[in-house]
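To start, the structure itself, in structure tokens.
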Amino acid sequence: MKAVQFARYGGPEVLELREVPDPVPAADEVLVDVKATTVNRLDLFQRAGSRPVPNLPYTPGLEAAGVVVEDSNGFKAGERVLTTRAPEARGGGGYASRIAVPASHLVRIPDEVSFEQAAAAGLAASTAWAALFDLGNLKAGERVLVWAGASGVGTWAIQFARHVGAWVTTTASNTEKSETLRRLGADMIVNYREEKVGQVVRNAHGVNLVIELVGTTLQDSIDACVSDGRVVLIGNLGGQHSTVDTQSWRLKRVKVIGGGTLRTSPANEQRILQLIAEKAVSPIIARVMPISEVAEAHRLLAAGEVTGKIVLLHG
């Protein structure tokens with residue numbers, strides 16, 4: 001089989017499409033032909049060496065959508081499946097064309113959902129769901145701020161929050177992105193390059209929950225909260241360090257929750273795919289590219305000008 005790997009840390013040029021041995025599934029695993037995966041920020045960090053991987057060469061790819069090769073563990077040959085735990089599979093990451101996945105890590109893709117849509121949902125949608133509901137306990141009628149609305153997680157968080165009846169504000173850097181986020185259901189959009197986000201949101205009556213994807217903006221997130229608000233910290237797109245006013249944090253009784261590597265349960269992932277099938281929510285796909293163009297896909301994501309997900313297709 002073929003797999004995109006890197007054998008040393010560096011820029012996109014270290015990614016190589018290689019011939020590697022097919023994985024042999026263990027007793028609890030299902031063999032899957034991978035059709036689609038995506039590019040995530042973590043892929044870039046791993047490739048560059050800022051998030052070192054266990055062993056080199058390494059096959060990236062956090063999710064994989066594909067087809068079951070043979071009957072196994074309750075799955076039938078030909079069934080279309082998704083895993084958001086591809087790094088734990090034998091033979092992959094999703095940048096591999098074939099992986100052996102623990103059956104408990106797989107969900108079925110509804111007929112109405114394409115491989116591209118399933119992969120574009122993948123870990124981003126799973127993370128957004130977990131942040132909003134599993135950790136954030138978002139309820140209908142509450143108010144939520146989603147940082148980096150045009151990111152993969154951001155586009156899903158906006159849609160899920162609106163789907164359950166929350167009021168949503170988000171951040172964007174330009175008019176084009178703002179228009180896309182408004183179509184997704186954002187009630188208010190703040191241009192973080194021109195306005196002080198925490199102050200603007202506070203002046204608009206504040207929020208109960210913040211999905212914090214930037215990290216360095218933690219003080220703005222605290223400022224945006226009403227008393228007893230919650231901040232779920234799941235990303236550090238802006239860096240790993242932030243200075244906060246502990247007095248304002250203390251007096252407002254804001255709860256800051258570290259999300260770690262976050263995903264929801266397979267049962268909820270199945271629910272997400274069904275919502276896509278029902279057209280209640282939609283993946284935002286920036287580009288669809290062959291896996292052979294993975295280096296260019298990494299460059300595009302690093303440039304920060306894409307809205308939604310870059311999907312990679314195996315031939």
Side-chain angles (χ1 to χ4, degrees), residues 35-44 61-65 82 84 94 109-110 112-133 144-164 166 168-192 211 213-214 234-235 237 262-264 268-269 271-290 293-294 296-313:
K35 301 299 183 183
T37 186
T38 74
V39 183
N40 288 280
R41 289 277 172 187
L42 181 59
D43 302 349
L44 276 61
L62 298 178
E63 61 260 303
L82 169 72
T84 64
I109 302 173
E112 301 86 352
V113 179
S114 68
F115 290 122
E116 292 90 339
Q117 289 175 311
L123 185 59
S126 186
T127 298
W129 188 283
L132 288 168
F133 306 118
V144 58
L145 164 62
V146 177
W147 283 92
S151 68
V153 173
T155 58
W156 284 109
I158 292 166
Q159 293 185 81
F160 292 151
R162 286 294 294 161
H163 181 69
V164 301
V168 183
T169 184
T170 190
T171 65
S173 59
N174 58 52
T175 301
E176 181 182 355
K177 288 184 178 180
S178 296
E179 290 172 353
T180 298
L181 301 181
R182 199 170 297 281
R183 287 195 296 271
L184 291 180
D187 296 284
M188 185 175 83
I189 299 161
V190 184
N191 187 323
Y192 66 86
I211 304 303
L213 291 160
V214 181
I234 59 172
L237 295 173
L262 189 61
R263 59 171 59 82
T264 194
N268 284 333
E269 291 175 348
R271 185 175 174 187
I272 290 166
L273 291 177
Q274 188 57 40
L275 288 174
I276 298 171
E278 296 168 0
K279 297 183 169 38
V281 296
S282 299
I284 305 301
I285 298 175
R287 295 279 293 273
V288 177
M289 307 172 70
E293 295 180 14
V294 62
E296 178 60 19
H298 274 226
R299 293 185 188 99
L300 286 169
L301 183 60
E305 294 304 316
V306 296
T307 300
K309 299 295 293 185
I310 299 174
V311 176
L312 300 173
L313 297 182

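Computed from a predicted model, the values in this text were never measured in an experiment.
- Residues passing the ring pair (Phe, Tyr, Trp, His ring centres under 6.0 Å) test with Trp129, sequence neighbours excluded: Phe133, Phe160.
- Distance check: Glu293 CD to Ile310 CD1 gives 11.0 Å after rounding to the nearest 0.5 Å.
- Residues Val311 and Ala36 come closest through the heavy atom pair CG1-CB, 4.1 Å.
- By the 4.5 Å heavy-atom criterion applied to side chains, Pro283 and Ile276 are counted as neighbours.
- Residues Ile234 and Leu213 have side chains in contact (heavy-atom distance under 4.5 Å, counting atoms from C-beta outward).
- Within the structure, salt bridge (Lys or Arg N to Asp or Glu O under 4.0 Å) pairs that include any residue of residues 178-189 comprise Arg162-Asp187 (at least two apart or interchain).
- Distance check, rounded to the nearest 0.5 Å: NZ of Lys279 to CD of Glu112 gives 7.5 Å.
- Under the 4.5 Å side-chain criterion, counting only non-hydrogen atoms from C-beta, Thr175 is not in contact with Asn191.
- A search for side chain to side chain donor-acceptor pair (under 3.5 Å) contacts involving Asp43 returns Tyr95, not counting sequence neighbours.
- Residues passing the side chain to side chain donor-acceptor pair (under 3.5 Å) test with Asn174: none are found, sequence neighbours excluded.
- Val144 and Ala166 get closest at one heavy-atom pair: CG1-CB, 4.3 Å.
- Here Arg263 contributes atom CZ and Glu63 contributes atom CD; the two are 9.5 Å apart, rounded to the nearest 0.5 Å.
- Put simply, the side chain of Thr127 gets close to the backbone of Leu262: a donor and an acceptor are under 3.5 Å apart.
- If you take OG1 on Thr169 and CD1 on Ile189, they are separated by 7.5 Å, rounding to the nearest 0.5 Å.
- Looking at Thr307, its side chain never comes within 3.5 Å of a backbone N or O of Ala150 through a donor-acceptor pair.
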Exercise. Which is it for Met289 and Val39 under the side chain to side chain contact (heavy atoms under 4.5 Å, CB included) test, yes or no, and what are the steps along the way?
Worked result: CA-CA 10 Å; Met289 307 172 70; Val39 183; over 6 Å; no
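- For Glu278, the side chain to side chain donor-acceptor pair (under 3.5 Å) partners at least two apart in sequence or on another chain are Gln274.
- In plain terms, the two heavy atoms of Ala65 and Ala118 that are nearest each other are CB-CB, 4.2 Å.
- Closest approach of Ala297 to Leu312, counting heavy atoms only: CB-CD2, 3.9 Å.
- Here the closest non-hydrogen pair linking Gly149 and Thr170 is CA-OG1, 3.1 Å.
- Atom CZ of Arg287 has 12 or fewer heavy atoms from other residues, nucleotides or ligands within 6.0 Å.
- Here Ser126 pairs with Glu269 under the side chain to side chain donor-acceptor pair (under 3.5 Å) rule; sequence neighbours left out.
- With values rounded to the nearest 0.5 angstrom, Ile285 atom CD1 is found 6.0 Å from Ser114 atom OG.
- The line from CG of Leu123 to OG1 of Thr37 is 10.0 Å long, rounded to the nearest 0.5 Å.
- Side-chain contact between Tyr192 and Val190 is absent, with no heavy-atom pair separated by less than 4.5 Å.
- In this structure, the side chain of Thr171 engages the main chain of Ala148 through a donor-acceptor pair within 3.5 Å.
- Annotation for Ser178 and Ala172: closest pair OG-CB, 3.7 Å, computed over non-hydrogen atoms.
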